[in-house]
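Fair warning: this is a prediction, and the values are worked out from it, not measured in the lab. Letters go in sequence order (proteins before strands), and every chain restarts at 1. FYI, side chains are in, hydrogens and waters are out, and symmetry mates aren't considered; it's all heavy atoms of this structure.
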Amino acid sequence: MTDLLNSPEDIAFRREIRDFVAAELNPDTRDRIRRGAPLRHEDIARWHKSMYRKGWVAPTWPVQHGGAGWSARQRLIADEELFRLHTPPLPNFGPRMIGPILIRFGSRAQQQRFLPAILSGADWWCQGFSEPGAGSDLASLTTRAVPTDGGWIVTGAKTWTTFAQHANRMFCLVRTDGQVKKQEGISMMLIDMDAPGVSRRPIRLMDGTEEVNEILLDQVFVPCGMVVGEVNRGWTYAKALLEGERLGIGGIGRCKHLLGRVRHMAQGADDALADARLAELEIDIMALEATTLRLLAAAEAGVPLGAETSLLKIRGTEIQQALTELMLDIAGPAALVPVAAGSNEDVFENVVCQFLNWRKLSIYGGSNEIQRTILAGQVLGL
Amino acid sequence: MTDLLNSPEDIAFRREIRDFVAAELNPDTRDRIRRGAPLRHEDIARWHKSMYRKGWVAPTWPVQHGGAGWSARQRLIADEELFRLHTPPLPNFGPRMIGPILIRFGSRAQQQRFLPAILSGADWWCQGFSEPGAGSDLASLTTRAVPTDGGWIVTGAKTWTTFAQHANRMFCLVRTDGQVKKQEGISMMLIDMDAPGVSRRPIRLMDGTEEVNEILLDQVFVPCGMVVGEVNRGWTYAKALLEGERLGIGGIGRCKHLLGRVRHMAQGADDALADARLAELEIDIMALEATTLRLLAAAEAGVPLGAETSLLKIRGTEIQQALTELMLDIAGPAALVPVAAGSNEDVFENVVCQFLNWRKLSIYGGSNEIQRTILAGQVLGL
Amino acid sequence: MIRFGLPGEEARLLQDTAERFVADRYGLAQRAVMLARPPQEAPAHWREMAALGWLAAPLPRGVGGLGMAPVHLQGLLETLGAGLILEPYGPAIMNCAATLSRLLPRAQAAGALAPMLAGDRVEVLAASPMGQALVQAEPEGDGWALSGTVPLVPGGAAAHAFWVAVDCGAESALAHVPASKAQVRGFRLVDGQAAASACFDGVSCGPRACFTGAADALAHGADMGLWAALAETSGLIGALCRATLDHVKLRQQFGRPIGRFQVVQHRMADMYMHTEEARSMAQLTAEALEEKDAGVRRRLLSAARVKTDAAARAVLRDAVQLHGGMGMTDELAVGHMVKRLLVLAQTGGSRAAHLKRFQASG
Amino acid sequence: MIRFGLPGEEARLLQDTAERFVADRYGLAQRAVMLARPPQEAPAHWREMAALGWLAAPLPRGVGGLGMAPVHLQGLLETLGAGLILEPYGPAIMNCAATLSRLLPRAQAAGALAPMLAGDRVEVLAASPMGQALVQAEPEGDGWALSGTVPLVPGGAAAHAFWVAVDCGAESALAHVPASKAQVRGFRLVDGQAAASACFDGVSCGPRACFTGAADALAHGADMGLWAALAETSGLIGALCRATLDHVKLRQQFGRPIGRFQVVQHRMADMYMHTEEARSMAQLTAEALEEKDAGVRRRLLSAARVKTDAAARAVLRDAVQLHGGMGMTDELAVGHMVKRLLVLAQTGGSRAAHLKRFQASG
């Protein structure tokens, strides 16, 4: 695909990333990513170490906290190149989610304790927001924190907690005041996964993976120092956290990576309809990227980014889902046979798995229905 | 296209229709219809006379009222054949809308006065339901009827009144009681278009035609005998009228007619994508027809048809609109040039006009949004 | 001639029995136990299905069948599809047995089919999804020497024998090969159905196992197998739609059931329309199977595949979406239905292949 | 190199002026008067547009232009598009004048363009929408004898002369023909724009009116003309979206503004997304026009046509639908916008043609 960000500085930055990846990325890991195989923890952990040594774990953090100090433009380029080069995506929970929140709202003690461990990979975080009864309607959560001597006693259940099996810490929304408007009685707490009362039940997904979990909190003691910012202001922090990297939400790097895979699959298939669909989706990615760059230009000129970035989330996920659907079409029956059977072509081995897994894109992080409601309400004033 | 209704009786009935049309239809009229030209009043009127002599003006009326006495199955076949053979569709307002309502709910005097004139074509009817402020929300209409000696004084405005320029009578919904729930204070009245106080303003549509009108009613006197059924029960009659011929709502004959035109246009274009789209739309028509026939079988077995027929309306209009859009694609710039310029191919002459005009299909007769709400509410219980 | 009758008494009884069967035998937990078994094992309830008459139902009376027409079997197949059964009813009966009923002389067919319809023996076709030969046959003595692999044989893991579509020059032909002579690798497809890859390199067929002039029989089997997949799909789409409807009526978000939101209502209306259209196409093709003109029959079957595939895709997308995260898990039926739909979409030929066939037939 | 800067001060001033121009000159009633005039008349505000510098704006300084880059013209073109102007800005300036600026030596170009940029003379290209020759040229003395008809010449009704793309064998060539020598039939397109069919049978061109080696100039003009259509479309889509937004906020049905219904809200969100994407593609291609690599430039232009067409279609469908019956009439701007979108969709080549070109360039 055509690279749209291609100034001399952009090209130099791309080259730096390529050289780094060429030197550091394990070929076996690269190959797994290229084929769309499910991520293995060891692949991610190893790559995390390389990125840590390079100082690139935290793209959005300021340099004084150990971040990469990249501009928004560089972050987009890095996202694109790292996907293009088949590096495993690092989990967002530490570097992109709780890290920036602690930098903005955390205590000095929290920053000193947690930020270096996020960078080094000593700590792995997971997210405790959703609950069995509160998915899209996050604010109706019912996990309760009752004040006690020196802290809080937390009881409840969290769900869809991705990669909790690898995490030793969780940031968590809990209700600290049940008497006020539902958004106003929520606090954000940092919980040790090995604290007494924390237990985990893996949830098997339809693609056969167990990447998400239910986390049960049974009278878990959380010290006062582990509340982020002010008590009862957790909703504000959660919104800031979920908005996160607004420009990256479209997942352009991921889209292009996926497009490359589908194009590879379609080679020699001689299917005019599939070829046309592939071209349309490539164009959709261009439009997503052009829109991202237009917003980037506004952001660089100091215009604050708002709810309009919901469109990047909607389009990015629509494109990725359409690409996995096209994969299914191109693969045909070959996609249905398990790899273990050894009878299907390597190139199609993860097609069904990825199709199924990617259904989540339009559900999580604010479903696409929620995103459209945000656009209508906050951008169009309806 | 494959005919799905093809029992020996079906085939014999088709043959009867074909013979009749071959003998009666003016070739110039047939040619205009084939090319998708806008309907001319004289074409319709002439064809109406032929159909009247044959006794086929009113497909749904019982024979004792002069109707064709056709079964639901025969009506579907007749619809298909008459479209296939490029006959001009007769207006629905008399034979298919007010006629059946008068047969069910009208007084004997109304039946004797109006039914024969509908059949013969002496009377042409138009419909006064929509108002400038009440489109999809029909029940909020504000045209008022005030009782007076021997009748009512009606004042208000009606709009989207199709072919009112050719009509001498109008059936009309008016508010006869403003104190009750909005659906309960409505009556249906029969108004002479030349009565004092009735005036007409043509509305020019974006396709350049003037097929709809606004009708102003300024203190129009309507005699008591011109109220249909009971006063304040007009909403019930209007619903029965709009539900009309539920199985015909998909417009299968019209869909097939349009498909034939597009296929003709696509000949020799060598466009694989357009060809595939055409095949998909042909298949969509098959599915619409198969669904219609499944409902027909249920109806013939005595199962009453309900709101599920909304799906026929939605799909039928989606198909027709998709076909007009495909026409635009196939015609390309040739469609943009007016016929008068004489420079474009005859085959594309009405493409833009039809595309624009057919946008109405998803708006009128209960917009497709309303139809989906009906399916969700009345069929799915949501 | 398309009649579009309502199902008769016999068809309704068959469907009632199937509904009880599914309710009693195919709870998600019961199904999970079956899925954990090796794919080579005999299908779990195959003999019971034989005893219920289901295996014999679609086959002509003259060869030991019950001679039930597809229109009367649609309810059964829809119910078995919705029930996510794991037995190879489509491949072994609707596809393979139907082929044999046309291929073999009546007495020979009755003999070959008897153990199959009794549930004692499983035999399946080894061919491409649309019945084309993937295996070569070279003359060898009075018979053939085979070579080649069929990568995906639905129902093949537990099969006692294969009917291998072979390319032996001009004629359309089948070779009857005991499973013991082929190299069979059994596995489960993504939906849990047992299948196999079968390699026939070095297999010799004696003259009594070689059958030429099989074009009509293979085409008939392909028609029946495709129709069975369409009917199962129709049932499954309906079940997915019902499950989603139940969910949106119960699931509360923002203080009310999500089924109260207009966007959800309209999405459910779309799912309903797809369900109805898929059922219409299943019924249309059930009638079409009795159509004499093979061109019309195939044309309608291909049309049904295209339409049903579009319906299945739309419904599976929306069903998962409206279930939210719960729809992504292996814990509800939804996910299992979605995977089954993906497999059925390829059974008997893909949408793309049938769109091409439809266009070519126009 | 794609920069995606924000529009500069100069561009904003240009757009402000255009907005005032449209507000003052292009009310629906004023436009209706213009539409009733014969298409052969000089474009209504052409001299005023020249005086505002718009005609000279996109052309290089060396030939009498103002040398403004497309990125700085996007706002102007979007505003003129949204304003439904009837003057042939795209065909005469962006397409024809741009072609001449590349075709002719600098001094000659300046001479030829001077009366065009002053608004005194209208000249347009006579070619296919993508710049291909539809007219034959046979050698005749030192010049050519032409034959053939161009059925649709945008802006052709009031043109003083045509630059006819001719097929004279291997070379890409243009013939300069005064309107008086061709058989011109002026008409208005469905959107009211003046156009013509032009027949060149029997027209003789002297050697000074024959230009070969025009490939690069024609391609440049085609790029500029297509881009202008895309920018106009972007502005028009935005205007249609705003008009619909205003409507759904005001129009009451079932006791509340229809913009309160969730289905309408989500439809508006979709329209908004299309609007933003169309604008992004217009800006991307504005930048791309300064790209040296013709392959990349054409590839991005074709992509933009495909994406913009999809956006325009979706928005026009939804705009009419959400306006209800009122959207069908000639009385609101909506219908006029819809018709203009249909014409713009064919200007510079259709979606299908550009999808093919995009695929071929991959």
Cut-off 4.5 Å, heavy atoms of chain B, and the answer for C/Arg351 is side chain
* Inspect the contact between C/Asp309 and C/Arg313 and indicate whether a charged nitrogen and a carboxylate oxygen are less than 4.0 angstrom apart. => yes
One should read off an interatomic distance between C/Ser302 OG and C/Met130 CE, to the nearest 0.5 angstrom, of 5.5 Å
Electrostatic pair B/Asp137:B/Lys182 at N-O distance under 4.0 angstrom:
yes
Okay, C/Gln359 and chain B: the region with an atom under 4.5 Å from a heavy atom over there is side chain
When the 4.5 angstrom heavy-atom criterion is applied to B/Gln371 and chain C, the contacting part is neither
If you tally heavy-atom pairs under 4.5 Å between each of C/Gln265, C/His266, C/Arg267, C/Arg279 and chain B, the highest tally belongs to C/His266
Salt bridge check: are B/Glu80 and B/Arg73 linked by an N-O gap of less than 4.0 Å?
-> no
So, the part of C/Glu277 with a heavy atom under 4.5 Å from chain B: the answer is both
* Asked: Charged N to carboxylate O below 4.0 Å: is that the case for C/Arg297 and C/Glu290?
  -> no
Okay, B/Ile374 and chain C: the region with an atom under 4.5 Å from a heavy atom over there is neither
- Looking at the rings of B/Trp56 and B/Phe20, which for Trp means the six-membered one, are their centres under 6.0 Å apart? yes
If one checks every heavy atom of B/Glu369 against chain C at 4.5 Å, the contacting part turns out to be both
